[in-house]
Amino acid sequence: MLNGRLYRAAFVPFVFALAIAAFSLTGRPNPLHSTLAPDAFEGQRAFSELSGLAAAYPDRRPGSRGDRALAAYVARTLRGLGGTGAHTPQGWVGGFTVHTHNFSAQTIDGERTLTTVIAQRPGATGAKPIVILAHRDAPSTGARAELSATAALLELARVFAARETERTIVLASTSGGTGGDAGAADFAAAASGPFDAAIVLGDLAGARQRRPFVVPFSDTSGSAPVRLQRTVNDAITQEAGSNPGAPSAIGQLAHLAFGATVGEQGPLNAAGIPAVLVQVSGERGPASAARVSAARLQGFGRSVLSAVDSLDSGPDVPSAMQTELLIGRKAIPAWALRLLVGALLLPPLIVVADALARARRRRLPVARWSLWTLLCGAPFLAAALFALLLGAVGIIGAAPAEPVPPDALSFGASAATTVAAVLLALVLAWMVWPVVMRRLGVSVRPLSDAAGVGMLLVLLPLVVVVWITNPVTALLLLAPVHVWLLIVSPELRPRPAAALALVSSGLVPLALLVAFYADQLGLGPGRVAWMAVLLVVGGHIGFPALLLWSVSLGCAAAAVMLALTAESPALGGDDQPADEITIRGPLTYAGPGSLGDRSA
């Protein structure tokens, strides 16, 4: 039913698209530099304050008494650095205006009242401000590496209290960073006016390094502008003497395909504030018992100060998020990625259109089998709705809207029971599925040549919709639409074992995406499943996305059933066997002339 020649010929436009993409490669913008020495950041003083804060506020769960007490200490310290700034013969003195903001939000402990401390010091010009943000809370007692962000924030405040800047400097001490990034999200929502850039402080003193040190990813698709990334990377290279690393091509594709990050730069980027996270322990973050180093805090503290000075004296950072793919010193623009993926979609689209025309000429019920494919996604949607129900009735009490760092993602008995309940709901939905299909008058097994075409007629429009929305996400579905062509037609379908291998190969990109995030965040299989449940219940995966994921998995289930279906006689328009061809006469009779020409 599928035309192989037509499929091969449809790859010709991809060759031209590849040539166009090759000529579209662009260079990366240069980093900004500062002429000021960052020696004013005293790492030893910041480290002494870190030790004192860890002893005074060991328990800092989001919204807890310790978290609120530390917020009050940060506010007092910032207010003590001076009132309204002014020019004096000695230079710029003071200038921080401090206020606190209380709000309710979802955290790893459920809904809590959180406090944000915001200090603002005006600059000499009206240029867009620079934000320095750090969260105070921690999931475990002590957590000195995580607390180093607050110690560095206070030391930077002392530096800027006595230094004149061109841009307004905004310091924000937030809570909720241990899961959900509620403080950063609230700051981004409540902030007035555009910002030039934001630097989020994470673990700046941890003894264990994990690259990249600069994390630019957004909660949605895209990353911080390349100029901001390179500016902070260059400052770390110069002041900390370390190679900060860079996100790999696979990491960029993974974050572009499925926007999920545990850092507070995520909601800032999603709100249009260019932001990067500076963290010694990479995107995963530090362990609660991680050792800290005064030398590390000084090196990275001075790196942040140098980066802020570079941004302060430089031109505005582009506000548009980075959607291109960085490979080495070159960047592939987003439109070129879209063109390449679109060209790779042409062969299956053309072949399936031809197969549909052939099926219509044979009067095969393609629409009925398209409905069958859509109904294959119903069990997956039912399991997702069951998870949402558990969250609505309070059984899943703490489900932040954003991914949770691994140190705060405990997989205990309660989490395991919830994951098991969702999986059980999925199994029960599949057990009920045949009964529902029979009640609807739809066959359970794919008994027609049209079943494969019907499956592709669901999968391909889905891929096109995803491609229009996000071409990188469509890469996850490119392998299925090509590989699964081999199991659509009974004449092409291999034996069940080989057919199942083909179905599995189409799911490799999705498996690689899950494996990347599991490795990046240090998650085992149980935590991966628990994280998926939390993303659904917390709303990070919205209902439209749930529908798309359910239909995609339904197509995979339909492909599995096709792979397990033995080759059968072609069926007619009503899914009934076609008229059998009978042979009259002896079985060895081969037709006229089989015995030779007697007249010869």
Sub-3.5 Å donor-acceptor pair from the side chain of [X] to the main-chain atoms of [Y], do we have one?
| X | Y | value |
| --- | --- | --- |
| Glu239 | Arg302 | no |
| Asp181 | Ala184 | no |
| Ser293 | Arg296 | yes |
| Arg211 | Gly282 | no |
| Asn470 | Leu256 | yes |
| Thr107 | Gly110 | yes |
| Asp137 | Gly176 | yes |
| His540 | Ala532 | no |
| Arg284 | Ser281 | no |
| Glu155 | Glu42 | yes |

Only pairs under 3.5 Å count here: list side-chain donor-acceptor contacts from residues 319-333, not counting sequence neighbours, and write none if there are none.
from   : atom 1 : to     : atom 2 : distance (Å)
Gln322 : OE1    : Gln229 : NE2    : 2.7
Gln322 : NE2    : Glu324 : O      : 3.0

Residue pair [X] / [Y], side-chain heavy-atom distance below 4.5 Å:
| X | Y | result |
| --- | --- | --- |
| Pro62 | Asp109 | yes |
| Leu253 | Leu475 | yes |
| Val74 | Thr150 | yes |
| Phe187 | Val131 | yes |
| Lys128 | Asp316 | yes |
| Leu147 | Tyr57 | no |
| Ser242 | Thr237 | no |
| Val304 | Phe41 | no |

Checklist entry - Would the Phe213 and Phe300 ring centres measure less than 6.0 Å apart? => result yes
Checklist entry - Step by step, would you call Trp530 with Ile396 a side-chain contact (heavy atoms from CB on, under 4.5 Å)? => result CA-CA 11 Å; Trp530 181 226; Ile396 304 178; 4.1 Å; yes
Next on the checklist: Apply side-chain contact (heavy atoms from CB on, under 4.5 Å) to residues Leu156 and Leu201 and explain how you reach the verdict.
Outcome noted: CA-CA 11 Å; Leu156 289 169; Leu201 307 182; 4.1 Å; yes
Item to check | With Asn30 via side-chain hydrogen bond (donor to acceptor under 3.5 Å, both in side chains) - residues at least two apart | outcome: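 Asn30 satisfies side-chain hydrogen bond (donor to acceptor under 3.5 Å, both in side chains) with no residue once adjacent residues are dropped.
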Please tell me whether [X] and [Y] have a donor and an acceptor in their side chains that are separated by less than 3.5 angstrom.
| X | Y | result |
| --- | --- | --- |
| Glu146 | His135 | yes |
| Asp59 | Thr141 | no |
| Arg158 | Thr77 | no |
| Thr168 | Gln120 | no |
| Thr113 | Asn102 | no |
| Thr261 | Glu283 | yes |

If I compare all heavy atoms of [X] with all of [Y], which pair ends up nearest, and what's the gap?
| X | Y | result |
| --- | --- | --- |
| Leu153 | Ala172 | CD2-O, 3.9 Å |
| Leu32 | Thr231 | N-OG1, 3.0 Å |
| Tyr517 | Phe258 | OH-O, 2.6 Å |
| Ala145 | Pro286 | CB-CB, 3.7 Å |
| Ser303 | Ile236 | OG-CA, 3.4 Å |
| Val280 | Ala205 | CG2-N, 4.3 Å |

Separation of [Y] [atom2] from [X] [atom1] (nearest 0.5 Å):
| X | Y | atom1 | atom2 | value |
| --- | --- | --- | --- | --- |
| Leu339 | Ser24 | CG | OG | 8.5 Å |
| Ile132 | Leu171 | CD1 | CG | 5.5 Å |
| Thr174 | Ile118 | OG1 | CD1 | 9.5 Å |
| Asp186 | Ser175 | CG | OG | 11.0 Å |
| Phe96 | Arg79 | CZ | CZ | 13.0 Å |
| Leu388 | Phe543 | CG | CZ | 8.5 Å |

Next on the checklist: Tell me whether Arg208 at atom CZ has more than 12 heavy atoms from other residues, nucleotides or ligands lying less than 6.0 Å away.
Outcome noted: no
Checklist entry - What do you reckon, is CG of Leu36 surrounded by more than 12 foreign heavy atoms closer than 6.0 Å? => result yes
Checklist entry - Looking at Arg61, Arg60, Arg136, which one forms a salt bridge (charged side-chain N to carboxylate O under 4.0 Å, His left out) with Asp67? => result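 So, applying the salt bridge (charged side-chain N to carboxylate O under 4.0 Å, His left out) to Asp67 and each of Arg61, Arg60, Arg136, only Arg136 qualifies.
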Next on the checklist: If you apply the rule side-chain contact (heavy atoms from CB on, under 4.5 Å), what do you find for Phe195 with Val170, and how did you get there?
Outcome noted: CA-CA 10 Å; Phe195 293 98; Val170 178; 4.2 Å; yes
Checklist entry - Between Asp309 and Arg167, is a salt bridge (charged side-chain N to carboxylate O under 4.0 Å, His left out) present by the stated rule, with each step listed? => result CA-CA 10 Å; Asp309 287 336; Arg167 300 177 184 271; over 6 Å; no
Checklist entry - Which class fits the ring pair Phe217 and His255: parallel under 30°, tilted 30 to 60°, perpendicular over 60°? => result parallel
Checklist entry - Hey, mind stepping through Tyr73 and Leu154 against side-chain contact (heavy atoms from CB on, under 4.5 Å) and telling me if it holds? => result CA-CA 10 Å; Tyr73 172 83; Leu154 294 176; 3.9 Å; yes
Next on the checklist: Going by side chain to side chain contact (heavy atoms under 4.5 Å, CB included), name the residues that satisfy it together with His33, two or more places apart in sequence or in a different chain.
Outcome noted: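 Applying side chain to side chain contact (heavy atoms under 4.5 Å, CB included) to His33 gives Pro31, Asp234.
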